[in-house]
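Throughout, protein chains are lettered first and strands after them, A, B, ... in sequence-line order, and every chain is numbered starting at 1. Worth knowing before you read on, the calculation uses all heavy atoms, side chains too, and leaves out hydrogens, waters and symmetry mates. Everything quoted here is computed from the prediction, not taken from an experiment.
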There are 4 protein chains.
Amino acid sequence: MGNSIGKSFTVTSFGESHGDCMGVIIDGCPAGLAVTAEDVQRELDKRRPGTGVLTTSRAEEDKVSILSGIFNGRTTGAPVCLLVWNRDVDSAQYQKMRFLPRPGHADYTAFIKYGGFNDFRGGGRFSGRTTAGFVMAGAVAKKLLGLIGIEVLAHTVAIGGIKAKPRAFSEIRENVDKNPVRCADLAAAGEMVSVIEQAKADGDSVGGVIEGIALNSPVGLGEPVFDTLEGDLAKALFAIPAVKGVEFGSGFGAAEKKGSENNDPFTISCGKIVTETNNAGGVLGGISNGMPIVVRVAVKPTPSIASSQQTVNIENMEGASLAIKGRHDACIVLRAVPVVESMKAVILSDFAIRAGLKPRVIK
Amino acid sequence: MGNSIGKSFTVTSFGESHGDCMGVIIDGCPAGLAVTAEDVQRELDKRRPGTGVLTTSRAEEDKVSILSGIFNGRTTGAPVCLLVWNRDVDSAQYQKMRFLPRPGHADYTAFIKYGGFNDFRGGGRFSGRTTAGFVMAGAVAKKLLGLIGIEVLAHTVAIGGIKAKPRAFSEIRENVDKNPVRCADLAAAGEMVSVIEQAKADGDSVGGVIEGIALNSPVGLGEPVFDTLEGDLAKALFAIPAVKGVEFGSGFGAAEKKGSENNDPFTISCGKIVTETNNAGGVLGGISNGMPIVVRVAVKPTPSIASSQQTVNIENMEGASLAIKGRHDACIVLRAVPVVESMKAVILSDFAIRAGLKPRVIK
Amino acid sequence: MGNSIGKSFTVTSFGESHGDCMGVIIDGCPAGLAVTAEDVQRELDKRRPGTGVLTTSRAEEDKVSILSGIFNGRTTGAPVCLLVWNRDVDSAQYQKMRFLPRPGHADYTAFIKYGGFNDFRGGGRFSGRTTAGFVMAGAVAKKLLGLIGIEVLAHTVAIGGIKAKPRAFSEIRENVDKNPVRCADLAAAGEMVSVIEQAKADGDSVGGVIEGIALNSPVGLGEPVFDTLEGDLAKALFAIPAVKGVEFGSGFGAAEKKGSENNDPFTISCGKIVTETNNAGGVLGGISNGMPIVVRVAVKPTPSIASSQQTVNIENMEGASLAIKGRHDACIVLRAVPVVESMKAVILSDFAIRAGLKPRVIK
Amino acid sequence: MGNSIGKSFTVTSFGESHGDCMGVIIDGCPAGLAVTAEDVQRELDKRRPGTGVLTTSRAEEDKVSILSGIFNGRTTGAPVCLLVWNRDVDSAQYQKMRFLPRPGHADYTAFIKYGGFNDFRGGGRFSGRTTAGFVMAGAVAKKLLGLIGIEVLAHTVAIGGIKAKPRAFSEIRENVDKNPVRCADLAAAGEMVSVIEQAKADGDSVGGVIEGIALNSPVGLGEPVFDTLEGDLAKALFAIPAVKGVEFGSGFGAAEKKGSENNDPFTISCGKIVTETNNAGGVLGGISNGMPIVVRVAVKPTPSIASSQQTVNIENMEGASLAIKGRHDACIVLRAVPVVESMKAVILSDFAIRAGLKPRVIK
């Protein structure tokens, strides 16, 4: 249970890290959207491991297959099934580790919850590879949002303690794909690379913070009191493995501010009502207010590290130690950036349809 | 739309701040639970404004009415409808402010989303008073969790920049209802009171941070990949007005840690597998791992402040200024503590039922 | 669980026959709909027992209370809570019958399912009185459909073996409220009254068939493959106690026809594509085709009869006999007519919103 | 939208008749169920066209591929994705007929609803081939029900006006797979074959009635008031193309009975409470009462017939005539029998999980 998200643009995830495939079904995508394999591939390629030391050496091609819901290059209104086949699979080490849950991983909880029947190979259903499905869904969502006029962006704002300086949206859009850590502040980006390389060398890992932004959102997305824009975005973002915190606008910083500082004054700009500041992160009362929707997610350091760690053998209930060999990222923040962007696009698409917004489809 | 939460223990919220009532329906509560009006009233009383300067002077009695689903003091398996009638309503000032959206409030977004048909009196549907319903639902959820053996707690950990020192669970349980700011660190509590009083005197407001804890949770609550324990808790917590951030365990702090620091080593204690630290906040892979489930929420400073603020008249699209008179809290953190506890209880109840846990009902 | 229906226009039912009230919450009703207590009362009055021998002598006033979601005579976009208070309650006999399940009633299944904690008084949650809630929701739905241009009708087509002759829609609309059995064929109506009176005299009861019709539906309502127009309507209609069959268009009769007879040829009328016959009952592939949506429901004879019946005492597991005194209808078909109309209106409203149709709200 | 059914055992359907595949995802299947490709294939084979004149000559191999959720022969608790690839596809004729909606088919409604973007080849999403997915889901559901002890059966009770005589459950179980029309009354079966052959020879088609039975169901399945056993089963059965009516127990026949005839007296048999008759079809108040759950569905005659029919060209809005060549069944009742059985198994599985029943999984 729990593998679907969205009420009107519903994304269902399936597949395992070392099974046949990772896939996704989108139900509720309006008919007539032009979506090609290339559109999806472009997004998928962003989350593929790079070639440098920064990322895993698992060399999945991750080529999208469109199984249903697209006909003559357009969505049909039927469920869209997209998947990538798993090919470069090396499950040998996982068999050995089956009863040795890795600290910080879902091995232990999955084993108990599913009575040991879970596919443990490569983390199975809990692998970061599930996010390949998220990104495929995001690719379709981004096409939909594009026709409505909404743009989504995401970028790295911190890695291993190095913080990026704020940058204009144009700079973010421009810079994010130009450096390996997807950070718009190129100076900070360089430092981040060093931090990751050092962690790698130390058999350790680092985390960071990603910011997602949505521009040109209309006023009115979000369905309070429970299906708030913040709540549904947060839920979607916590589906990304390693995310441990989500905040909007001034977020945790708001807790230290005065109301007079944190309230965003209304004013008129170009004939429209806007706020002078954006401490609300574009959301008031759980509903978009037309300002940029700004969310930040905390990504914990990858739990897979080469150093020896202490665990317990579930089978014989004895203490054990564990050093994870395998192919792992010393920092997954960079690869999570397109995933944050994707999940945000998915939820905004859901709210756009719920609000009755129709994409301008041209035949 | 969007006024229900939970898939198996479903809470539907209704009512407006200055309408007839605030209420809640719980669908999916198992039959046989002993629930009395007193059980619900006890929780409701915790979120009532106090008598001091710290809180609003709106003097609602907030006496629960049980309309359905409870018979002879036990839940029947049918929907439980609970409500409080609104009595001490003063709507006069809101009529005047109808076209003057208050900065930081939902006035503007609600007006646009609902075409001006929203009940604007007292914030209508977006009032903090919706949380009276949350607390009533939480009271039932806490009874359910009690029969399963899970305990939920919440306490204030920061207000207006003053941070509480960590306290043992026993101290939190002991101290939280003993001081007006519901902070377990009594020294910090005193400073928090001063900060609030100063804000009040300044016609301003302050925010803070609340921590929720669940003890004795079994391993296995949460339904990945989307209905994670973190995701569903976050969604529920963002339904509380003024919440702008949610984090679990080391949360945003994890972003600055190394994997070797942040991973919680497994060990055996009293014959059970536990972790030595709890940076995960009791959640691995979106599933409870048996450790305390620890979540923190950032509460922004109350947007209703007495100082003059800048806004726009929606009707004539002219700039305007606004000073909010009314009866308002200078800090809602203290009153939000039982609400955090309640929403946490609701979501844990939902997951407990989804996991097939049955309360030990004794006839 | 299971007390809500509709994905975008969601109706949640609550209340018990001899509890405080019977109520309903509608979540997802668009803002701006003019709905008055009179609008709802008019529909409620249709299902009230009459004054003659045909119906129960329980004399509930059934006056609607609007608890939320309507402000200044318009829906606000917030959940609409409507209820009727129970007043004329006589629970004495039910206490005696608690362990004697009435044949054909839900007493036995409810007792087992809810472990004996169910409110058994007057059938509790399984009483025909739940349909008072359905009718209140239907009243709001009919207002919504009216603004879209869809008209819903229902009428009795058979009672106790007496079958009405087909009548034109105009005659149905005209006649249905003019005779006590809500049958458009007035000659048959007279016979039906006799059949019911005879059943009453015999301490027995009769069933019948109700037809629901929706006129002026646009093409495109229904969301295959599972949320078909037929499937969702059927589900809603089976929520009416005593309904045991649902069919569309030629229905079970289609099973005996040839394809060449049953297929409805397409043709053009007034510039629009229509079908020459309507064996499909207005639904092709689970989607409305613009023709009248015609559904028929089989209503079983009321299980509450005065004659002695055989049952089992659940407490001591001994055979027993039972003669139901109380106040009961010898035929509930007539009172179920507005309920069929209401549930149809609810589901069509849900599909209309899902299809993005917007009511023409005039401020 | 609308391609998922079931709240706790959720089946999502995808794929088109002439696309790449027909598939299904099951979310919520408990971990540990032994499910092999052979288990699924056995069910799939039942709905494959036969070799005689009775069915279509489309020669799909329909070999199941298990894409996810099963590991080492057991379900893992993760989504189970099953599909059959489409191979024997002949789409040529559909291109020609694109603007000529076939009477009785979804061509017209799908074209309008999806703005002409629907995949029209072979009926696309509205093809009877979607039921291959239903049957794959049913295969898993039947394994689950088997571990709980529930048996599902379906058999043909009428074709083209020929009605089968009632047969004992043992005879139904025994005979249904032994004759081409899946009718337990072998004499009637012979006549049914003749009727179908005659229809085929005439370029026409016939419909029929299928009965589904569930044995050994516990008391308590079903979640009133809306998620009734009858309502959810009916919804699932209306997802089968060509189904136009659903009735339980005495069904439409109940409308002509007296209460004293239709009520099923309770009695004790082998220490358990049972009813002497089963006019209720095993459902009281929307909840299973432990008796056989008996449902009948009306299947209309296949709309695809060789005779010339009248339609309208959607493109130029002119009248047209149409003779369907292609490969079609003169009667789909026989092939729909395993589909009825499957959908019934799916819904019962959903209710079993909702009721907290756990399959007896042996490691």
Looking at [options], which one has more heavy-atom pairs under 4.5 Å with chain A than the rest?
options	value
B/V206, B/V246, B/D202, B/N262	B/V246
B/P103, B/A239, B/P101	B/P103
B/G251, B/A236, B/G319	B/G251

Just by distance, do the side chain of [X] and the backbone of [Y] share a donor-acceptor pair under 3.5 Å?
X	Y	answer
A/N289	B/T109	no
A/N3	B/V225	yes
A/K244	B/A280	yes
B/N263	A/P303	yes

Quick one: are [X] and [Y] in side-chain contact, heavy atoms under 4.5 Å?
X	Y	value
B/M1	A/D227	no
B/E230	A/K235	no
A/Q310	B/F266	no
B/K113	A/E223	yes
B/E256	A/K163	yes
B/I287	A/F126	yes

For [X], which atoms come within 4.5 Å of any heavy atom of chain B: side chain, backbone, both, or neither?
X	answer
A/I273	both
A/S288	backbone
A/S4	backbone
A/V333	neither
A/T130	side chain
A/S307	neither

Looking only at heavy atoms and a cut-off of under 4.5 Å, which of [options] has the most pairs with chain B?
options	result
A/G207, A/P301, A/P218, A/A298	A/P301
A/T302, A/T228, A/V219	A/V219
A/A110, A/A355, A/G286, A/G222	A/G222
A/G281, A/G160, A/G208	A/G208
A/G249, A/G2, A/S304, A/A254	A/G2
A/A106, A/P265, A/G253, A/G259	A/G259

Distance-only polar pair, side chains of A/S260 and B/D204, donor-acceptor under 3.5 Å: yes
Under-4.0 Å salt bridge between B/K300 and A/E261: no
Tell me, side chain or backbone of [X] under 4.5 Å from chain A's heavy atoms, or both, or neither?
X	result
B/V195	neither
B/I305	side chain
B/V297	backbone
B/V299	backbone
B/P224	both

Pair B/F238 + A/F226: ring centers closer than 6.0 Å: no
Residue list, side chain to side chain donor-acceptor pair (under 3.5 Å) with B/D107, at least two apart or on another chain: B/R102
Pairwise distance CG(A/L284) to CD1(B/I112) - rounded to 0.5 angstrom: 12.0 Å
CG on B/D264 to NE2 on A/H105, rounded to 0.5 Å: 12.5 Å
